[in-house]
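Working notes, beginning with the structure itself.
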Amino acid sequence: MTKTMDTQNREEKPVLSLRGVNFRYTGKKSSVTALRDISFSVKKGEFLCVLGPSGCGKSTLLRIIAGLLRPTSGEVLMGNLPVEGPSWHRGVVFQAPTLYAWLNVRDNIAFGLKMRKFPQKKIRAITDQFIDLVGLKGFETQKPYELSGGMKQRVSLARALVNQPDIFLMDEPFGALDALTRQNMQALVRKIWDKTGNTFLLITHDVDESLALGTRVMVLSKSPGRILSEFYPDFTRRFLNGSGEKVRYLPEYIELREKILKEIIGQSGTAEDLPAP
Ligand SMILES: Nc1ncnc2c1ncn2[C@@H]1O[C@H](COP(=O)(O)OP(=O)(O)OP(=O)(O)O)[C@@H](O)[C@H]1O
Ligand SMILES: [Mg+2]
């Protein structure tokens, strides 16, 4: 009995917690409040999508969690430890791929493991495994300038994956890709989530992307961003279980999509940031 409760507690323990996070950009002449009183926790294996209108503070939030910015007040914890700077425990993928131009695909992906001084053989084995997972087999010796946008993001994903981080943080990673490549990349991320059981936090302003991936969708208000509402869709598994893109035509999908859209439009008063219906 006690053992079961212990196990349960361990499983329930959040990977990431934010408590009362506020953030203010302070310039010489003016300052901007970007986030207001953000508190939430993310459990292991969750796929959290954060949605919100342009300028509401999504990237600021991701940078705070990544350890690239310090909150003005409040705290960010990974497990029990405060986030004090960037770390490989949090894999980050940005909208614009930030690859090393002088390194080929394999060396870009292996970079983090080399820095962590893994033995050569192990680096090779892990790198190969993730090159395969993201579908880059055969492209190992190409340089970033020889790759398409989608392929570059595959490298970015693999580069974060090799470190087997505790959480993946992604800031509109497919925003610059064409619609078809975007769908393929979403399918890839879904597969990675399923295969690795890892925890994901993805920032997007595309409601369909949040429903195609998220097990939880959090909507932020317009600037200064605060949490407006949360939804718990369950379409990710259905996309995985062979229903494919047909899921998008299910009445419950359409209903939830409408509900979330209304929430965003209702508070921003504009649909300019939203995808065409
Ligand atoms: N370096 C900065 N200095 C001052 N203000 C900033 C800075 N970066 C962002 N801001 C402001 O903070 C607010 C939140 O910006 P942020 O980039 O986090 O929004 P976002 O939700 O990611 O927007 P988008 O959807 O357009 O990417 C905005 O009002 C923005 O103008
Ligand atoms: Mg942004």
Side-chain angles (χ1 to χ4, degrees), residues 16 18-40 42 47-76 83 85-86 90-98 149 152-153 156-157 160 167-179 182 185-186 189 200-214 216-231 257 260-277:
L16 168 76
L18 278 80
R19 292 185 196 150
V21 168
N22 290 285
F23 190 87
R24 204 170 170 77
Y25 287 104
T26 310
K28 277 190 183 136
K29 287 184 185 152
S30 62
S31 62
V32 183
T33 301
L35 293 171
R36 185 162 287 166
D37 195 21
I38 305 283
S39 299
F40 66 89
V42 184
F47 199 130
L48 171 63
C49 291
V50 179
L51 265 174
S54 186
C56 78
K58 302 183 295 296
S59 296
T60 305
L61 178 65
L62 187 119
R63 285 174 177 275
I64 289 172
I65 298 170
L68 298 164
L69 288 174
R70 285 288 188 106
T72 309
S73 62
E75 57 178 3
V76 183
V83 168
R90 293 178 297 282
V92 188
V93 179
F94 295 105
Q95 179 171 359
T98 50
K152 281 185 204 158
Q153 279 308 47
S156 302
L157 275 173
I167 191 166
F168 280 98
L169 306 172
M170 301 195 277
D171 191 357
E172 311 224 21
F174 315 131
L177 305 177
D178 65 86
R182 194 181 172 104
M185 292 302 288
Q186 288 168 0
V189 168
F200 285 74
L201 190 157
L202 180 134
I203 303 272
T204 180
H205 54 233
D206 180 348
V207 179
D208 284 305
E209 183 159 281
S210 76
L211 293 177
L213 295 171
R216 177 178 172 196
V217 175
M218 183 185 282
V219 180
L220 296 187
S221 70
K222 67 179 176 183
S223 187
R226 60 196 167 74
I227 300 172
L228 271 186
S229 50
E230 288 197 59
F231 301 88
R257 183 180 190 276
I260 297 176
L261 275 170
K262 255 195 202 143
E263 182 86 42
I264 302 176
I265 297 169
Q267 56 84 41
S268 70
T270 167
E272 74 183 293
D273 299 315
L274 302 171

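Numbering of ligands and ligand atoms starts at 1, following listing order.
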Item checked: Verdict with reasoning, L35 to I64, per side chain to side chain contact (heavy atoms under 4.5 Å, CB included) -> CA-CA 10 Å; L35 293 171; I64 289 172; 3.8 Å; yes

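Using a 4.5 Å cut-off on side-chain heavy atoms (C-beta onward), V93 and D171 make no contact. Counting heavy atoms from C-beta on, the side chains of L202 and F168 never come closer than 4.5 Å. A 4.5 Å side-chain heavy-atom check between T98 and V92 finds every atom pair outside the cut-off. Looking at heavy atoms from C-beta onward, Q186 lies in side-chain contact with L213 at the 4.5 angstrom threshold.
Nearest heavy atoms, V76 versus P71: CG2-CG, 4.3 Å.
Considering only non-hydrogen protein atoms, atom 26 (O) of ligand 1 sits nearest to S54 OG, 2.6 Å. Counting protein heavy atoms only, atom 25 (O) of ligand 1 is closest to K58 NZ, 2.8 Å. Atom 12 (O) of ligand 1 has Y25 CE1, 3.3 Å as its closest protein atom, hydrogens excluded (heavy atom only).
For the side-chain contact (heavy atoms from CB on, under 4.5 Å) with I65, the qualifying choice from L62, L68, L69, L61 is L61, the only one to do so.
Not counting sequence neighbours, the partners of R216 by the salt bridge (charged side-chain N to carboxylate O under 4.0 Å, His left out) test are E46, E230.
Ligand 1 places these atoms under 4.0 Å from at least one heavy atom of H205: 25 (O). Distances below 4.0 Å separate heavy atoms of E172 from the following atoms of ligand 1: 25 (O). Shown in contact with T60 at under 4.0 Å from a heavy atom are these atoms of ligand 1, numbered in order with element: 14 (C), 15 (O), 16 (P), 18 (O).
At least one protein heavy atom sits closer than 4.0 Å to atom 23 (O) of ligand 1. Counting protein heavy atoms under 4.0 angstrom from atom 6 (C) of ligand 1 gives one or more.
Side-chain contact of S30 with Y25: a donor-acceptor pair under 3.5 Å is absent, judged by distance alone.
Evaluated by nearest non-hydrogen atom to atom 17 (O) of ligand 1, the leading choice among P53, G225, G175, S59 is S59.
Using a 4.0 angstrom heavy-atom cutoff, C56 counts as in contact with ligand 1. The closest approach between any non-hydrogen atom of G57 and ligand 1 is below 4.0 Å.
Among the backbone and side-chain atoms of S59, an N/O/S atom is found under 2.8 Å from the Mg ion (ligand 2).
For G55, a nitrogen or oxygen atom sits less than 3.5 Å from a nitrogen or oxygen atom of ligand 1, counting backbone and side chain alike.
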